[in-house]
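Proteins come first, then strands; the chains are lettered A, B, ... in the order of their sequence lines, and each starts at number 1.
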There are 2 protein chains.
Amino acid sequence: MVRKPTSKEAARKPNMREAILAAAEELFATNGFNAVSVRDIALAAGANPGSVTYHFKTKDGLLLEIYRRHCGPMNLRRSELLAAAKRVRDLQDRLEAIVRAYVVPAFTSGSDLAGGGARFTRLRAVMSAEGNEVARKIIAQTFDDTSHAFIDAVHESLPHIPRTDIVWRSHFLLGALYYSLVTPERVSRLSRGEADGSDAASAIEQLVQATVAAFQAPALDQATPARRRPLVGSKA
Amino acid sequence: MVRKPTSKEAARKPNMREAILAAAEELFATNGFNAVSVRDIALAAGANPGSVTYHFKTKDGLLLEIYRRHCGPMNLRRSELLAAAKRVRDLQDRLEAIVRAYVVPAFTSGSDLAGGGARFTRLRAVMSAEGNEVARKIIAQTFDDTSHAFIDAVHESLPHIPRTDIVWRSHFLLGALYYSLVTPERVSRLSRGEADGSDAASAIEQLVQATVAAFQAPALDQATPARRRPLVGSKA
DNA sequence: TGATCTTTTGTACGATAGTACAAATCACAT
DNA sequence: ATGTGATTTGTACTATCGTACAAAAGATCA
């Protein structure tokens with residue numbers, strides 16, 4: 001006989017709890033929090049609605065557990081990659097490695113399942129757009145450390161750029177990242193089939209390339225003030 | 001007595017219909033479509049729930065009317081600005097003007113109300129994240145023309161960059177734009193108060209500057225292949 | 001003023017939401 | 001085999017959802 005964990009901890013069956021988590025993750029990430037009912041989740045997981053209440057108490061509790069599940073591994077991965085990136089000698093290479101350390105885990109890592117990282121990141125994007133309260137709290141207290149570490153690392157690679165500009169550009173990076181996961185089909189459509197928006201490898205390469213260039217742009221304050229133009233320019 | 005428009009066309013009272021539209025726009029843009037009830041909207045507009053049904057028939061109809069109201073003016077504005085931008089001689093200036101023609105109307109224009117453009121753009125961001133069906137249809141058939149015109153204009157300014165790359169980078173631009181409107185407070189927080197994420201002028205300047213640089217990045221195919229590294233790089 | 005059309009109000013209905021809880025079922029140690 | 005605790009099921013409760021509709025109120029013009 002094999003020893004199982006104490007008895008609590010994890011179920012012995014095809015793991016209903018995990019199935020519910022996976023179904024909820026998928027549905028929330030695709031349709032948003034409020035559009036998905038507990039019954040929808042139970043149906044998709046092959047479970048009974050009451051089972052969701054049993055394992056997670058409330059719908060918010062279910063969302064909370066999804067975050068708990070993913071945040072740790074993803075931030076750990078980012079820390080490792082960031083530490084490795086900081087050791088890169090060449091400055092241009094280092095900046096690229098830093099950006100990659102931020103982007104790659106969002107697309108690939110997570111926990112175990114294939115595409116788990118991308119799915120969770122998409123979930124975060126949707127929750128952020130919906131202004132979900134539960135998500136907002138966790139994100140601010142879980143991801144801000146990572147974001148600051150990332151911003152600091154970029155700033156060290158580009159000391160002549162004001163921190164403010166780097167914050168803005170990091171923000172743009174996250175927005176672009178989110179949007180790529182939320183509407184990949186738009187890329188396919190606009191490129192008339194020449195690009196596949198849901199191909200993670202392409203998205204990563206394109207995003208890294210574009211972001212490195214954006215970071216390297218001249219600082220705003222000193223940006224060729226002779227070139228400055230009025231907000232609109234036409235008419236009047 | 002004053003002559004009023006024929007009798008149909010517009011109401012004579014403090015305009016309940018407009019109040020409902022404005023309230024719905026605000027609430028949808030902040031909380032998402034499904035989180036907001038018709039009763040919430042009516043309450044915020046100082047109207048009766050039945051009045052919403054009377055003017056817009058259904059909740060979807062209300063959303064549809066919000067889009068109808070804004071799409072025309074915003075795309076018209078973009079066309080005007082884009083046409084003006086294409087006439088700019090200097091190549092660097094032209095690219096910047098093109099990007100500005102895309103960004104500025106999203107932040108400022110719209111119809112009449114102050115912040116109307118930003119609010120509507122935020123609404124689009126949230127609807128896109130929620131995968132809203134009504135919104136998806138309208139967006140694809142209303143904004144794709146504008147997007148193609150924009151992509152073509154950028155491509156003309158940067159003929160050596162493959163169209164695919166430009167599509168990706170335009171996509172990143174829209175994502176960054178959306179995210180800046182959805183979570184402006186994150187910029188303030190991460191910059192420790194040094195920047196104001198909800199200041200439209202700053203957001204525009206930062207976004208234009210970063211995006212122009214991203215567009216000008218070397219094409220992906222020919223991007224210093226000696227530099228290419230494995231997806232992850234550390235460990236192993 | 002009274003007739004007619006538009007708009008607003010009040011209320012109600014069926015559907016579905018989240019959650020609670022008792023009963024049934026299951027897995028395992030003894 | 002049986003008892004025990006963990007899980008699953010089935011069902012029910014209340015709240016709120018979107019929408020419909022009749023009645024009231026307001027406006028317009030003969």
Side-chain angles (χ1 to χ4, degrees), chain A residues 1-25 27-28 30-66 127 130 132-135, chain B residues 1-25 27-28 30-66 127 130 132-135:
Chain A
M1 260 192 248
V2 220
R3 276 282 138 199
K4 301 284 172 57
T6 58
S7 94
K8 220 174 179 177
E9 196 84 2
R12 291 147 286 276
K13 280 294 260 334
N15 227 345
M16 198 82 274
R17 193 185 140 96
E18 293 300 322
I20 293 171
L21 277 171
E25 211 175 293
L27 288 172
F28 286 157
T30 326
N31 306 100
F33 185 76
N34 296 289
V36 177
S37 72
V38 173
R39 285 168 178 82
D40 290 337
I41 296 165
L43 186 70
N48 187 286
S51 209
V52 178
T53 309
Y54 171 73
H55 283 291
F56 307 101
K57 200 64 188 172
T58 68
K59 199 184 171 189
D60 277 356
L62 175 53
L63 181 63
L64 203 76
E65 181 57 25
I66 292 174
M127 294 305 111
E130 283 188 319
N132 184 287
E133 265 307 308
V134 179
Chain B
M1 261 191 249
V2 222
R3 276 281 139 200
K4 301 288 171 56
T6 57
S7 92
K8 222 175 176 176
E9 195 85 0
R12 292 144 286 276
K13 280 295 257 338
N15 225 344
M16 198 84 274
R17 194 186 139 95
E18 293 300 323
I20 293 171
L21 277 171
E25 211 176 295
L27 287 172
F28 286 158
T30 326
N31 306 102
F33 185 76
N34 295 288
V36 177
S37 72
V38 173
R39 285 167 178 85
D40 290 337
I41 296 166
L43 185 70
N48 188 287
S51 209
V52 178
T53 309
Y54 170 72
H55 284 290
F56 308 100
K57 201 63 188 171
T58 67
K59 197 183 172 189
D60 277 356
L62 175 52
L63 181 63
L64 203 77
E65 181 57 25
I66 293 175
M127 294 305 113
E130 284 188 319
N132 185 289
E133 266 307 309
V134 179

Margin query: Tell me the interatomic distance from A:N48, atom CG, to D:dG10, atom P, rounded to whole angstroms.
Written below: 6 Å
Check: When the distance from CZ of A:F56 to P of D:dT8 is rounded to whole Å, what number comes out?
Finding: 10 Å
Margin query: Tell me the interatomic distance from A:L62, atom CG, to C:dG18, atom P, rounded to whole angstroms.
Written below: 11 Å
Check: Which pair of heavy atoms, one from A:V38 and one from A:K59, lies closest together, and at what distance?
Finding: CG2-CG, 4.0 Å
Item checked: 5'-most by nearest nucleotide on DNA chain C - B:P49 or A:F33 -> B:P49
Note to self: Quick check: closest heavy atoms across B:M16 and B:A45, and the distance to 0.1 Å?
What the structure shows: CE-O, 3.2 Å
Checklist line | Upstream residue (5' side of DNA chain C) when A:K57 and A:D40 are each assigned their closest nucleotide | finding: A:D40
Check: Nearest to the side chain of B:T53, which nucleotide is it out of D:dT19, D:dA12, C:dT7?
Finding: D:dT19
Margin query: What is the distance, to the nearest angstrom, from the CD atom on B:E18 to the P atom on C:dT7?
Written below: 13 Å
Next item on the list: Please work out if B:S51 contacts a base, only the sugar-phosphate, or nothing of the nucleic acid, heavy-atom cut-off 4.0 Å.
Entry: base
Check: Is the side chain of A:E130 donor-acceptor paired with the backbone N or O of A:F33 at a distance under 3.5 Å, no angle test?
Finding: yes
Item checked: Distance in angstrom units between B:N34 CG and D:dT16 P, rounded -> 18 Å
Check: Between A:Y54 and D:dT7, does any side-chain N or O lie under 4.0 Å from OP1 or OP2?
Finding: yes
Notebook entry, point to check: Closest heavy-atom contact between A:A23 and A:I41?
Noted result: CB-O, 3.9 Å
Checklist line | Among C:dG18, D:dG18, C:dT7, the nucleotide that comes nearest once only the side chain of A:S37 is considered | finding: C:dG18
Note to self: Using whole Å, what does the distance between atom P of nucleotide D:dG10 and atom CG of A:L43 come to?
What the structure shows: 13 Å
Item checked: Closest non-hydrogen atom pair, B:N31 against B:V36 -> CB-CG2, 3.8 Å
Next item on the list: Please report, rounded to the nearest Å, how far the P atom of D:dA6 is from the CZ atom of A:R17.
Entry: 14 Å
Margin query: Counting only side-chain nitrogens and oxygens, does B:H55 get under 4.0 Å of the OP1 or OP2 atom of C:dT6?
Written below: no
Next item on the list: Please report how far the helix from C:dT1-D:dA30 to C:dT30-D:dA1 bends, comparing the axis fitted to its first five pairs with the axis fitted to its last five, to the nearest 10 degrees.
Entry: 0°
Note to self: Do B:Y54 and B:N48 make a side-chain contact, defined as non-hydrogen atoms from C-beta onward lying under 4.5 Å apart?
What the structure shows: no
Margin query: I want to verify a distance call: between D:dT8, D:dA12, D:dT19, whose nearest atom is closest to the A:R39 side chain?
Written below: D:dA12
Notebook entry, point to check: Taking all non-hydrogen atoms of both residues, which atom of B:R39 and which atom of B:P49 are closest, and how far apart?
Noted result: CG-CG, 4.2 Å
Check: What's the NZ-P distance between A:K59 and D:dT16, to the nearest Å?
Finding: 15 Å
